[in-house]
Amino acid sequence: MGKLKLKKSAKKGFVILIGVVVLISFGFKVYRDYRYKQTYEYKLIEHGYSMEEAQIILNACKDEQLEEILAKEKDSTIVSLVQEKYYIPKNLDRYLAYAKKNTNTSYKDIVTLVNVYRDYNYYEHDIESNTDLGILLLVNKYYKLKEDFEPLEISDISIRYSYQGNKISKEANDAYVDLWHAANEAGYTLIVNSSYRNYQEQESVYHSKKTSLGQKKADEAAARPGYSEHQSGLAIDVFELGNQATDTFKVSNAYHWLQENAYKYGFIERYPEGKENITGYSAEAWHWRYVGKDVAKIIQEEQITFDEYYAYYIENQAS
């Protein structure tokens, strides 16, 4: 009789144990489901995105940006945009607005153009240039230098390497001398014919262009005062001695040598052909900008402009 009671008691205990295990398992599943429903993956899928689309968005965005996406109607354009290499989350609304107005523009170009403020008209969206960035300050048709800005450590370029009267910042000057000697060893004699110009000098240059060409053509060929890289003390117009016509220099071996080697000394071609809608200027084979070796190498390898580099690697990372 005692054994029977023991067996019944053990059986009852086993049943209770099984019940507890089932309850724990069920509770764990309920908790797990509850936790999953709090995730952005679940919320994006519930919002209409597929699992694959949700993962793409999750990999590209931070929590606050995901909240912004969830606040919008489901839009496959977002999935395409976030996959672009230079996608900047804070620009999403501007990307979407630009895409809506420019339906034939690729997602790659939408991201690029919006990043460099091409969704605004030139000279109608002023941003003060961050001069604390030194050699990486940006000056273009959106980023403007103050009238009284003068670069630090401005120094004369020796007449061995330049026509008389040219000057740039000391760091850029030293780098240019190294570049000049490397080009010379390769058989090319470079010469600078224009460099640092203060606000008043740039004002004179622009007024002359405007008088002879009209404002539209002047804006394509020269910067308005305050918007010129020449005021930064980091830009040079460089040709080959004896070959200083713009039409012939841009097809010369000296120019091709600069394209392949200038980055090694910290210089980039500032307004390359095919990038006019990004830089805002017609191609200028002679206009070279000092940004330092590390940045020049990235720009060379990725085949982007300084405007693109600044938007993604400086402005984006600072925000």
Side-chain angles (χ1 to χ4, degrees), residues 81 84-88 91 94-95 98-99 101-102 104-125 127 129 133 135-144 194 209 216-224 227-232 234-239 246-247 249-252 254-316:
L81 288 167
E84 292 299 328
K85 178 177 180 179
Y86 300 108
Y87 171 79
I88 298 175
N91 290 344
R94 290 169 54 212
Y95 295 145
Y98 194 88
K101 291 180 181 178
N102 301 272
N104 293 323
T105 305
S106 70
Y107 294 118
K108 178 179 182 294
D109 287 344
I110 288 169
V111 167
T112 296
L113 294 171
V114 169
N115 284 355
V116 300
Y117 291 97
R118 287 295 289 112
D119 49 333
Y120 296 95
N121 293 328
Y122 294 135
Y123 302 120
E124 292 181 10
H125 185 74
I127 306 168
S129 293
L133 292 172
I135 63 171
L136 295 181
L137 69 86
L138 177 63
V139 188
N140 60 20
K141 293 181 178 180
Y142 301 104
Y143 286 82
K144 182 181 182 181
S194 183
K209 295 280 187 185
K216 183 178 179 180
K217 289 293 184 182
D219 282 339
E220 293 174 1
R224 294 183 185 181
Y227 301 87
S228 171
E229 269 206 335
H230 284 288
Q231 191 182 346
S232 73
L234 298 165
I236 52 176
D237 289 346
V238 59
F239 291 86
T246 56
D247 288 343
F249 180 71
K250 69 182 181 181
V251 295
S252 69
Y255 167 57
H256 294 312
W257 184 90
L258 283 168
Q259 284 184 306
E260 294 176 2
N261 295 280
Y263 78 95
K264 300 172 185 175
Y265 304 89
F267 285 90
I268 58 166
E269 184 178 4
R270 187 62 183 88
Y271 308 124
E273 190 171 3
K275 299 281 191 174
E276 292 86 351
N277 199 28
I278 297 173
T279 65
Y281 292 98
S282 302
E284 293 186 1
W286 54 91
H287 185 111
W288 295 80
R289 158 70 192 268
Y290 181 73
V291 294
K293 292 179 182 179
D294 292 341
V295 172
K297 186 173 185 290
I298 294 172
I299 289 173
Q300 179 79 4
E301 289 174 347
E302 299 188 16
Q303 289 296 291
I304 57 177
T305 63
F306 184 56
D307 311 86
E308 295 167 87
Y309 176 89
Y310 187 93
Y312 188 75
Y313 289 104
I314 297 179
E315 191 174 54
N316 177 40

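- Classified by interplanar angle (parallel below 30°, tilted 30° to 60°, perpendicular above 60°), the ring pair F306/Y310 is perpendicular.
- No side-chain heavy atom of Y313 sits under 4.5 Å from any side-chain heavy atom of V295.
- Legend: residues meeting side-chain hydrogen bond (donor to acceptor under 3.5 Å, both in side chains) with D109, ordered by chain and number and at least two apart, are S106.
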Intermediate values then yes/no, side-chain contact (heavy atoms from CB on, under 4.5 Å), Y122 and R224: CA-CA 11 Å; Y122 294 135; R224 294 183 185 181; over 6 Å; no
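- Between W286 and T246 the shortest side-chain heavy-atom distance falls below 4.5 Å.
- E273 approaches E276 most closely through the heavy-atom pair CA-OE2, 3.8 Å.
- Using modelled atom types, no side-chain atom of N140 and backbone atom of G280 make a donor-acceptor pair closer than 3.5 Å.
- The minimum heavy-atom distance between A99 and I110, with the atom names listed, is CB-CD1, 3.6 Å.
- Taking the side chain as every heavy atom from C-beta outward, Y312 and I88 approach each other to under 4.5 Å.
- Inter-residue side-chain proximity for L113 and I278 is flagged as met; some heavy-atom pair is nearer than 4.5 Å.
- Judged as a side-chain hydrogen bond (donor to acceptor under 3.5 Å, both in side chains), and not counting sequence neighbours, the contacts of N261 are K264.
- Atom-to-atom distance recorded for I127:CD1 and Y143:OH is 4.0 Å, nearest 0.5 angstrom.
- In this structure, K141 is positioned above the aromatic face of Y281, its NZ or CZ under 6.0 Å from the six-membered ring centre and within 45° of the axis.
- E315 has its side chain out of reach of N115: every pair of non-hydrogen atoms, C-beta onward, lies at least 4.5 Å apart.
- Atom CG of residue L136 and atom OG of residue S232 lie 11.0 Å apart, to the nearest 0.5 angstrom.
- Here the closest non-hydrogen pair linking T279 and P272 is CG2-CD, 4.5 Å.
- With sequence neighbours excluded, the residues satisfying salt bridge (Lys or Arg N to Asp or Glu O under 4.0 Å) with K85 are E302.
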Are T305 and I299 close enough, and set up right, to give a side-chain contact (heavy atoms from CB on, under 4.5 Å), and what steps lead you there? CA-CA 7 Å; T305 63; I299 289 173; over 6 Å; no
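- Side-chain N or O atoms of Y98 include none that pairs as donor or acceptor with a backbone N or O of V114 at under 3.5 Å.
- With a 4.5 Å cut-off on side-chain heavy atoms, Q231 and K144 do not count as touching.
- Considering every non-hydrogen atom in both Y255 and F249, the closest pair reads CB-O, 3.1 Å.
- A side-chain donor-acceptor contact under 3.5 Å links Q300 to the backbone of Q259.
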Show your reasoning for whether side-chain contact (heavy atoms from CB on, under 4.5 Å) applies to F267 and V238. CA-CA 11 Å; F267 285 90; V238 59; over 6 Å; no
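- A ring-centre distance under 6.0 Å is found for Y227 and Y123.
- Here E308 pairs with K275 under the salt bridge (Lys or Arg N to Asp or Glu O under 4.0 Å) rule; sequence neighbours left out.
- Under the rule for a salt bridge (Lys or Arg N to Asp or Glu O under 4.0 Å), the partners of E301 that lie at least two apart in sequence or sit in another chain are K297.
- Taken from CZ in R289 to CG in L234, the straight-line distance is 5.0 Å, to the nearest 0.5 Å.
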Criterion side-chain contact (heavy atoms from CB on, under 4.5 Å) on E84 and T112, from CA distance to verdict: CA-CA 9 Å; E84 292 299 328; T112 296; over 6 Å; no
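- Between Y87 and Y95, the distance separating the two ring centers is shorter than 6.0 angstrom.
- Side chains of R118 and Y142 form a contact here, defined as non-hydrogen atoms less than 4.5 Å apart.
- I304 places a side-chain heavy atom less than 4.5 Å from the side chain of Y86.
- For R270, the salt bridge (Lys or Arg N to Asp or Glu O under 4.0 Å) partners are E229, D307, not counting sequence neighbours.
- When all heavy atoms of A285 and E269 are compared, the closest pair comes out as CA-OE2, 4.0 Å.
- Atom CD1 of I268 sits about 8.5 Å away from atom NE2 of H287, to the nearest 0.5 Å.
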